[in-house]
Novice: 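First the structure, then my questions, so here it is.
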Amino acid sequence: MFNQRIKIKQLLSATPTGTEVVVMGWVRTFRNNQFIALNDGSTNANIQIVASLGEFEDVILKRITTGASLKIIGTVVESLGKGQSVEVKAKTIEILGDSDAEKFPLQPKKHSLEFLREKAHLRFRTNTFGSVFRLRHALAFAVHQFYNERGFVYLHTPIITSSDAEGAGEMFRVTTLPLEGAPKNEQGEIDYTQDFFGKGTNLTVSGQLEGELGAMAFSEIYTFGPTFRAENSNTTRHLAEFWMIEPEMAFYDIEDNMNLAEEFIKYLINYALKNNADDIDFLDARLAEEEKLLPTEKRSGFGLREKLELVVNNNFERITYTEAIDILLNSNHYKKKKFQYEVKWGIDLQSEHERYLVEQHFKKPVIVTGYPAAIKAFYMRMNDGCAPGKETVAAMDILAPGIGEIVGGSQREERLDKLEARMNAMHIPLEDMSWYLDTRRFGTVPHAGFGLGFERMIQFVTGMTNIRDVIPFARTPKNCEY
RNA sequence: UCCUCCUUAGCUCAGUUGGUUAGAGCACAUCACUGUUAAUGAUGGGGUCCUCCGUUCAAGUCGGAGAGGGGGAGCCA
C-alpha cells in the first residue's frame, strides 16, 4: 500500500513525539539545506522536515525545490527551533515529483491576486487560496447540512432548459446545429425542430420555477447547482457561471422567508467560524495587512472575524422599500447631492443607495421588502391594499456590507387569476408556461423562496474582494481558461 | 457595454525636460556557511520596455489605433 501517510493537520494537532510517520506533500521552502517546509493542503500550517546535515546525498538535496512533491518517513520530535512545537526528523526522503526551480512560477514571497488568477491551476498551493477553497468546501457542506437538518429535499433542477421565461438574464444557447449553414425554416429563421431537443434550448439562469414544482409536493426543497448568465458584466461580483442555492417552501409567507434566509446566512457563518477558525484567522490577518496600505477613509475599520461575529450576533435590519427611500431622501448624503442617481419612489435601488443603507446608515445586513411591482419579476406576489400607482410585491433583498445584494427572494403569486394577469401584462406567453401554472390550478398554496449567490456568500466570509478569487476556475466575459 | 487607471527581467516595481550600454529588491544558478523560520554572505546569468502605425536626428518616455488586465457603473446572485 502506498498511502499510509498522516495528514499534516492531524500530525500537528495530535501526534505524540517519538511516533514514526509517513508524510507527503509539496515543498514550500527549503532553508539552510536542512529544513523543509512541507504542505499538503490540509491546513496552511507547514510541517518542518529536518534533513540532518550529512545524512542525505547532495543529488537528493538538490532536487528539494519549491513545488516539488516529497514522501518523507521520519520521527516526530520536539522542535529545537522556535517557529514550531514539533517537527519530523527524516529517515528517508523520496522525491515523488520534481519541480524545476527556474520554471515554477510560485515563489516563497507575496504574489498579486491578478498574477495568481492567471495561474489558477497552481494558486491552490498558496495560503490565501488554500484558505479560500477550504472555506468554500466547508460552506457547501454546511448548506446541505442546514437544509437536511430541517427536512428539505435536495432537488436537482435541470441545467439545460427550454424555458426562456426565467427572466433572470441573458442566456447561453445550447445547440448541436452547425453555426455555419444552420437549417432554416420557411420564414428564413433557424429551424430548431432539427436541433437535438427539437426546440431551442439554453443553459439555466435559475432553478426557481422548477423548484416551485418540487415545493408543491415535498413542501420544502432546495437546489444547489451551477447557474449561467451571458450578461456582459465586468465587475468584482459577477460570473458567467456561478453556483446558487435556491430554497423554495410551501406554506411560507414573506416573513417566514426572511426568517429562513437570515437563519441560513447566520448558520453558514457560524459553521465557518467554528470549523475553519484557522482559515478565517489567516484571511483576517491578510486583510488587516491589505487595509494598512489603504488610505484611512477607504478602510473598513472592521476585522474579518469581527465583522462575521457582528453579523451572527445581531438581527438583520428589516425595512420596507418605502422606508428605504425615505431614509435616503432624509440623509445628509442626499442633501449634499452626493448620490449620482435620482432618489424617488419607483426607482430600482442603485449600488450607491444600497451601500449607503448598509455601510453608512445601518452598518449591518439589511433586508428590504415591498419593492414596486413595476421593477420586479412576474412571479412575485402582489401586495394587497396598495394605493393606485404604488403597487408593491412581496419581494425581499438582503444587502450585505461590501457585497451588495447577496439574497433575492419573494413570496410567490399563488393566485392563478392574478398571476395570469401579471404574465399577460408582461407579455409572457401563458401556453409555454402551462406546466408552471398547473401548480396554481391544482392545490395551490402560499409559498416563498429565495436565491443565495454562493460565491457572494464566500466573498463575504473570506473577505475576498473579487468574485474571481472565490471560484476555482472563473468564467467571465472573454475569459474561459482551463 | 460605458467611465477610468495600468502594461518595463520569472514576480513586485523604479526609470529625470525625449539622448547614447534600461535599473533595484525578490526569485534563479554557482560557491561559502550551517538550528534555519520568505536563512545569510559573495559572485553570476536573465529584457520583443504589450502590439502596430506615426512625430523626431533620436522614443521605454510624445501622439493615434488595437490587445490584455485592474477599479468603478449598468444588469443581477
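Order of the sequence lines sets the chain letters (A, B, ...), proteins ahead of strands, with each chain counted from 1.
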Novice: State which residue, out of A:N127, A:N44, A:T128, A:T43, fulfils the side-chain contact (heavy atoms from CB on, under 4.5 Å) condition with A:D279.
Specialist: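 Exactly one candidate clears the test, A:N44.
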
Novice: When you measure from the centre of the six-membered ring of A:F302, is the NZ or CZ of A:K307 under 6.0 Å away and within 45° of the axis?
Specialist: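 No, A:K307 does not sit over the ring of A:F302.
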
Novice: Cation-pi check for A:F282 against A:R286: NZ or CZ below 6.0 Å from the six-membered ring centre and within 45 degrees of the axis, yes or no?
Specialist: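 Relative to the ring axis of A:F282, which defines the angle, A:R286 lies outside at least one limit.
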
Novice: Using the C1' atom as the reference point in each nucleotide, state the distance between B:C11 and B:G54 in Å, no decimals.
Specialist: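 Roughly 34 Å separates the two C1' atoms.
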
Novice: Would you mind telling me which of B:G74, B:U34, B:C75 lies closest to the side-chain atoms of A:Y341?
Specialist: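 Comparing B:G74, B:U34, B:C75 against the side chain of A:Y341, the answer is B:G74.
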
Novice: Roughly how far, to the nearest 0.5 Å, is CG of A:L419 from CZ of A:R412?
Specialist: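 Rounded to the nearest 0.5 Å, the CZ-CG separation comes to 11.5 Å.
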
Novice: For RNA chain B, what dot-bracket results from Watson-Crick or G-U pairs at under 3.5 Å, with [ ] for crossers and | for inter-strand partners?
Specialist: (((((((..((((.....[...)))).(((((.......))))).....(((((..]....))))))))))))....

Novice: Between B:U20 and B:C6, how far is it from one P atom to the other, in whole Å?
Specialist: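 It comes out at 24 Å once rounded to the nearest Å.
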
Novice: Distance check, rounded to the nearest 0.5 Å: A:I375 atom CD1 versus A:Y321 atom OH?
Specialist: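 Between A:I375 CD1 and A:Y321 OH, I get 5.0 Å after rounding to 0.5 Å.
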
Novice: How about A:Y356 and A:F339: are their ring centres within less than 6.0 Å of each other?
Specialist: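 Close enough - the centres of the two rings lie under 6.0 Å apart.
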
Novice: Using the C1' atom on both, measure B:A59 against B:U40 and round to a whole Å.
Specialist: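 42 Å, rounded to whole Å.
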
Novice: Would you say A:F141 has more than 12 foreign heavy atoms packed within less than 6.0 Å of its CZ?
Specialist: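 Atom CZ in A:F141 is not crowded, with 12 or fewer foreign heavy atoms closer than 6.0 Å.
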
Novice: List in numerical order all residues of residues 53-60 of chain A for which some heavy atom is under 4.0 Å away from an atom belonging to RNA chain B.
Specialist: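 Of all residues in residues 53-60 of chain A, the ones placing a heavy atom under 4.0 Å from RNA chain B are A:L53.
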
Novice: So if I take residues 63-88 of chain A and measure heavy-atom distances to RNA chain B, which residues fall below 4.0 Å?
Specialist: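 A:S79, A:L80, A:G81, A:K82, A:G83, A:Q84, A:E87, in order of number.
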
Novice: Give the C-alpha distance, both sets of side-chain angles, the deciding distance and a yes or no for side-chain contact (heavy atoms from CB on, under 4.5 Å) between A:T19 and A:T75.
Specialist: CA-CA 6 Å; A:T19 314; A:T75 311; over 6 Å; no

Novice: With a 4.5 Å cut-off on side-chain heavy atoms, are A:R422 and A:M426 touching?
Specialist: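 A side-chain contact exists here, since the closest heavy-atom pair is under 4.5 Å.
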
Novice: Can a salt bridge be assigned to the pair A:K266 and A:E262 using a cut-off of 4.0 Å between side-chain N and carboxylate O?
Specialist: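 Between A:E262 and A:K266 there is a salt bridge, with a charged N closer than 4.0 Å to a carboxylate O.
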
Novice: Determine the Euclidean distance between corresponding C1' atoms of B:U12 and B:U16; express it in Å to zero decimal places.
Specialist: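 B:U16 and B:U12 have their C1' atoms separated by 22 Å.
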
Novice: If I take atom CG in residue A:L61 and atom P in nucleotide B:U30, what distance separates them, rounded to the nearest angstrom?
Specialist: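 These atoms are roughly 13 Å apart.
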
Novice: Which whole-number value in Å describes the distance from A:E359 CD to B:G72 C1'?
Specialist: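 Taking CD of A:E359 and C1' of B:G72, I get 14 Å after rounding.
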
Novice: Scan A:I403 against the nucleic acid and name what it touches under 4.0 Å (heavy atoms): base, sugar-phosphate only, or nothing.
Specialist: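 No contact.
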
Novice: Would you measure the distance from the P atom in B:G18 across to the matching atom in B:A58 and give it in whole Å?
Specialist: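 The answer is 15 Å between these two P atoms.
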
Novice: Atom CG of A:L116 and atom P of B:U12: how far apart are they, to the nearest Å?
Specialist: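 Taking CG of A:L116 and P of B:U12, I get 9 Å after rounding.
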
Novice: Quick check on A:E323: does its CD atom have over 12 non-hydrogen neighbours (other residues, nucleotides or ligands) under 6.0 Å away?
Specialist: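 Yes - once you tally the heavy atoms of other residues, nucleotides and ligands closer than 6.0 Å, there are more than 12.
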
Novice: Considering only nitrogen or oxygen atoms on both sides, find all protein atoms under 3.5 Å from nucleotides 66-71 of chain B and state each distance.
Specialist:
from: B:G70; atom 1: OP1; to: A:R117; atom 2: NH1; distance (Å): 2.8
from: B:G71; atom 1: OP1; to: A:N466; atom 2: ND2; distance (Å): 3.1
from: B:G71; atom 1: OP2; to: A:N466; atom 2: ND2; distance (Å): 3.1

Novice: To the nearest angstrom, how far is A:I47 atom CD1 from B:U37 atom C1'?
Specialist: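 In whole Å, B:U37 C1' and A:I47 CD1 are 13 Å from each other.
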
Novice: Tell me: NZ of A:K119 to P of B:C11, nearest whole Å?
Specialist: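 In whole Å, B:C11 P and A:K119 NZ are 7 Å from each other.
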
Novice: On RNA chain B, does the nearest nucleotide to A:S112 precede the nearest nucleotide to A:Q34 from the 5' side, or the other way round? Give the residue.
Specialist: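 Nearest nucleotide further toward 5': that of A:S112.
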
Novice: Using the ring centroid of each side chain, check whether A:F242 and A:F228 are separated by less than 6.0 Å.
Specialist: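 No, they do not, as the ring centres are separated by 6.0 Å or more.
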
Novice: Name the pairs: protein N/O against N/O of nucleotides 3-10 of chain B, kept only if under 3.5 Å.
Specialist:
from: B:G10; atom 1: N2; to: A:Q107; atom 2: OE1; distance (Å): 2.9
from: B:G10; atom 1: N2; to: A:Q107; atom 2: NE2; distance (Å): 3.0
from: B:G10; atom 1: N3; to: A:Q107; atom 2: NE2; distance (Å): 3.2

Novice: Starting at atom CD of A:Q48, determine the distance to atom P of B:A38, rounded to an integer number of angstrom.
Specialist: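 The distance from CD of A:Q48 to P of B:A38 comes to 11 Å, rounded to the nearest Å.
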
Novice: Using whole Å, report how far CZ of A:F30 lies from P of B:U36.
Specialist: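 Checked: the CZ to P distance equals 15 Å.
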
Novice: Look at A:R31 and B:A39 and indicate whether a side-chain polar atom (N or O) is within less than 4.0 Å of OP1 or OP2.
Specialist: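 Yes, within the criterion.
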
Novice: Kindly state each residue pair satisfying salt bridge (Lys or Arg N to Asp or Glu O under 4.0 Å) with at least one member in residues 35-59 of chain A, sequence neighbours excluded.
Specialist: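 Non-adjacent pairs meeting salt bridge (Lys or Arg N to Asp or Glu O under 4.0 Å): A:R5-A:D40, A:E55-A:K89.
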
Novice: Tell me whether the NZ or CZ atom of A:R123 lies within the 45° cone about the ring axis of A:F129 and under 6.0 Å from its centre.
Specialist: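 Judged by the rule (NZ or CZ under 6.0 Å from the ring centre, within 45° of its axis), A:R123 counts as positioned above A:F129.
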
Novice: Do A:E455 and A:R237 sit within salt-bridge range, that is, some charged N less than 4.0 Å from a carboxylate O?
Specialist: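 No salt bridge links A:E455 with A:R237.
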
Novice: Does A:Q350 make a side-chain N or O approach to OP1 or OP2 of B:G74 shorter than 4.0 Å?
Specialist: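 Yes, A:Q350 has a side-chain N/O under 4.0 Å of OP1/OP2 on B:G74.
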
Novice: Between A:E317 and A:K364, does any NZ, NE, NH1 or NH2 come within less than 4.0 Å of an OD or OE carboxylate oxygen?
Specialist: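 A salt bridge is present here (some side-chain N lies under 4.0 Å from a carboxylate O).
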
Novice: Confirm from the modelled atom types if A:H111 and B:C11 form a donor-acceptor pair under 3.5 Å, side chain to base only.
Specialist: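 Side chain to base: no pair present.
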
Novice: Would you say the side chain of A:I406 lies within less than 4.5 Å of the side chain of A:L452, judging by non-hydrogen atoms?
Specialist: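 The answer is yes; the side chains approach within 4.5 Å.
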
Novice: Looking at the base of B:C75, is there any donor atom on it, or on the side chain of A:S233, that sits under 3.5 Å from an acceptor on the other one?
Specialist: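 Donor-acceptor pair under 3.5 Å: yes.
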
Novice: Taking for each residue the nucleotide of RNA chain B bearing the nearest heavy atom, is the 5' side occupied by A:A240 or by A:K110?
Specialist: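 It is A:K110, whose closest nucleotide lies nearer the 5' terminus.
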
Novice: For nucleotides B:G44 and B:G70, find the distance between their P atoms and express it as a whole number of Å.
Specialist: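 Approximately 39 Å lies between the P atom of B:G44 and that of B:G70.
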
Novice: Which nucleotide, B:A29, B:U36, B:U12, lies nearest any side-chain atom of A:N32?
Specialist: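 Ranking B:A29, B:U36, B:U12 by closest atom to the A:N32 side chain puts B:U36 first.
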
Novice: Once rounded to the nearest 0.5 Å, what's the spacing between atom CD of A:Q459 and atom CZ of A:R468?
Specialist: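 If we round to the nearest 0.5 Å, A:Q459:CD and A:R468:CZ are 11.0 Å apart.
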
Novice: Taking the P atom in each of B:U21 and B:G66, what is the distance between them to the nearest angstrom?
Specialist: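 Here B:U21 and B:G66 have their P atoms 33 Å from each other.
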
Novice: Report the distance from atom NE2 of A:H238 to atom C1' of B:U1, rounded to the nearest whole Å.
Specialist: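 So the NE2-C1' distance, A:H238 to B:U1, works out to 13 Å.
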
Novice: Taking the cut-offs as 6.0 angstrom to the six-membered ring centre and 45 degrees off its axis, would you call A:R150 and A:Y267 a cation-pi pair?
Specialist: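 Relative to the ring axis of A:Y267, which defines the angle, A:R150 lies inside both limits.
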
Novice: Measuring only the P atom in each nucleotide, how far is B:A65 from B:C3? A whole number of Å is fine.
Specialist: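 Roughly 12 Å separates the two P atoms.
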
Novice: Within the structure, does a side-chain N or O atom of A:R28 lie under 4.0 Å from either OP1 or OP2 of B:U36?
Specialist: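 For A:R28, the contact criterion (side-chain N or O under 4.0 Å from OP1 or OP2 of B:U36) is not met.
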
